[in-house]
Participant: 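My questions all concern the structure below.
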Amino acid sequence: MERIKHGNVLMTIDDENKQEALELAKRFANIGYGIYATKGTTDLFEAEGLYVHGASKIETEDGKNVLDIIRNGRVNFVINTMSNKKNTSADGFLIRRVSAENNISCMTSLDTANALVKVLESLSFSMVSMNEMGK
């Protein structure tokens, strides 16, 4: 059965939260969302068997950096957790600002992202014909 794609989620996750974010990413993927992620997050997710679209850091100008992805409407949601490093907090500010400017919901807490995915899971269902149920 072909899975319906509902949209995409961009995940830029600090090291401390990557493992917990992996479970959220799997849940988003299970209900038909594609995942975009920055390098460190992509590496972990792919090592765990999840297909991820890579997203470059802000300083790259390849058309695939996180800000371009948001501005071009490729994602429906952004999950951006922060660390205390100076360059990542500046990047996080830009990610949140560009998300707001483009009317994209941006979550900075995995608890909030978890609440969102619970709602989306409750709205998501698949239709299977009675003939397929017996297979």
Side-chain angles (χ1 to χ4, degrees):
M1 183 171 79
E2 188 174 315
R3 177 173 285 154
I4 297 171
K5 190 155 183 208
H6 293 291
N8 295 297
V9 179
L10 170 63
M11 301 180 84
T12 61
I13 309 296
D14 66 294
D15 290 339
E16 197 173 298
N17 289 298
K18 279 186 182 11
Q19 199 63 45
E20 185 179 348
L22 170 64
E23 295 309 311
L24 282 173
K26 286 178 180 178
R27 290 170 62 199
F28 272 109
N30 284 338
I31 58 172
Y33 282 82
I35 308 296
Y36 280 85
T38 49
K39 176 131 179 62
T41 306
T42 294
D43 291 346
L44 172 68
F45 289 4
E46 287 182 340
E48 294 291 328
L50 195 59
Y51 177 77
V52 180
H53 301 279
S56 305
K57 297 279 187 178
I58 289 174
E59 61 272 1
T60 62
E61 295 185 19
D62 59 2
K64 292 183 182 178
N65 79 44
V66 292
L67 300 181
D68 293 331
I69 289 168
I70 296 166
R71 285 183 184 123
N72 293 329
R74 291 193 205 143
V75 294
N76 304 81
F77 305 107
V78 174
I79 303 170
N80 172 240
T81 61
M82 297 180 287
S83 69
N84 294 328
K85 296 177 187 173
K86 186 164 176 81
N87 65 332
T88 58
S89 64
D91 286 358
F93 172 79
L94 285 172
I95 290 167
R96 292 185 301 280
R97 185 173 124 199
V98 170
S99 295
E101 289 171 349
N102 290 277
N103 297 317
I104 305 294
S105 297
C106 181
M107 292 149 276
T108 58
S109 162
L110 294 183
D111 289 343
T112 308
N114 185 48
L116 171 66
V117 81
K118 277 184 181 179
V119 169
L120 294 172
E121 286 169 335
S122 73
L123 298 174
S124 177
F125 65 92
S126 62
M127 293 177 45
V128 178
S129 73
M130 295 299 279
N131 292 335
E132 288 183 29
M133 288 182 73
K135 292 181 181 178

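Counting begins at 1 with the first residue of the sequence.
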Participant: At what distance, to the nearest 0.5 angstrom, does CG of L94 lie from CG of D91?
Facilitator: 6.5 Å

Participant: So, do L67 and I95 sit near enough that their side-chain heavy atoms are less than 4.5 Å apart?
Facilitator: yes

Participant: From I58 CD1 over to F93 CZ, what is the distance, rounded to the nearest 0.5 angstrom?
Facilitator: 11.0 Å

Participant: Determine yes or no for a side-chain-to-main-chain donor-acceptor pair under 3.5 angstrom, with N17 supplying the side chain and I13 the backbone.
Facilitator: no

Participant: Taking the side chain as every heavy atom from C-beta outward, state whether V9 and M11 have any pair of such atoms under 4.5 Å apart.
Facilitator: yes

Participant: How are the rings of F28 and Y33 set to each other: parallel, tilted or perpendicular (split at 30° and 60°)?
Facilitator: perpendicular

Participant: Apply side-chain hydrogen bond (donor to acceptor under 3.5 Å, both in side chains) to T81 and list each qualifying residue two or more places apart in sequence or on a separate chain.
Facilitator: D14

Participant: Are any of the side-chain heavy atoms of L22 and F45 separated by less than 4.5 Å?
Facilitator: yes

Participant: After noting the C-alpha distance and the side-chain angles of I104 and N76, does the key distance pass the side-chain contact (heavy atoms from CB on, under 4.5 Å) rule?
Facilitator: CA-CA 6 Å; I104 305 294; N76 304 81; over 6 Å; no

Participant: Just wondering, are more than 12 heavy atoms of other shown residues or ligands nearer than 6.0 Å to NZ in K18?
Facilitator: yes

Participant: What pairs with K39 under salt bridge (Lys or Arg N to Asp or Glu O under 4.0 Å), at least two apart in sequence or on another chain?
Facilitator: D43

Participant: Any chance you could measure N102, atom CG, to I70, atom CD1, to the nearest 0.5 Å?
Facilitator: 7.5 Å

Participant: Might you confirm whether atom CD of E48 has over 12 heavy atoms from other residues, nucleotides or ligands at distances under 6.0 Å?
Facilitator: yes

Participant: Counting distance only, does the side-chain N/O of R96 pair as donor-acceptor with the main-chain N or O of G92 below 3.5 Å?
Facilitator: yes

Participant: Output, in order, the C-alpha distance, side-chain angles, deciding distance and verdict of side-chain contact (heavy atoms from CB on, under 4.5 Å) for F77 and L120.
Facilitator: CA-CA 12 Å; F77 305 107; L120 294 172; 4.0 Å; yes

Participant: Where do K64 and I69 come nearest, in terms of heavy atoms and distance?
Facilitator: O-CD1, 3.4 Å

Participant: Is the closest side-chain heavy-atom distance between V75 and Y36 below 4.5 Å?
Facilitator: yes

Participant: Quick one: closest heavy-atom pair of A25 and L50, and the distance?
Facilitator: CB-CD2, 3.5 Å

Participant: So, does N8 use its side chain to make a donor-acceptor pair with the main chain of R74 at under 3.5 Å?
Facilitator: yes

Participant: Is the shortest heavy-atom distance from the side chain of T38 to the side chain of V66 under 4.5 Å?
Facilitator: yes

Participant: Side chains of residues 105-115: which donor-acceptor pairs under 3.5 Å do they make with residues two or more places apart or in other chains?
Facilitator:
{"from": "S109", "atom 1": "OG", "to": "D111", "atom 2": "N", "distance (Å)": "3.1"}
{"from": "N114", "atom 1": "OD1", "to": "R27", "atom 2": "NH1", "distance (Å)": "2.5"}

Participant: In Å, rounded to the nearest 0.5 Å, how long is the span from CD1 of I35 to OG1 of T42?
Facilitator: 10.0 Å

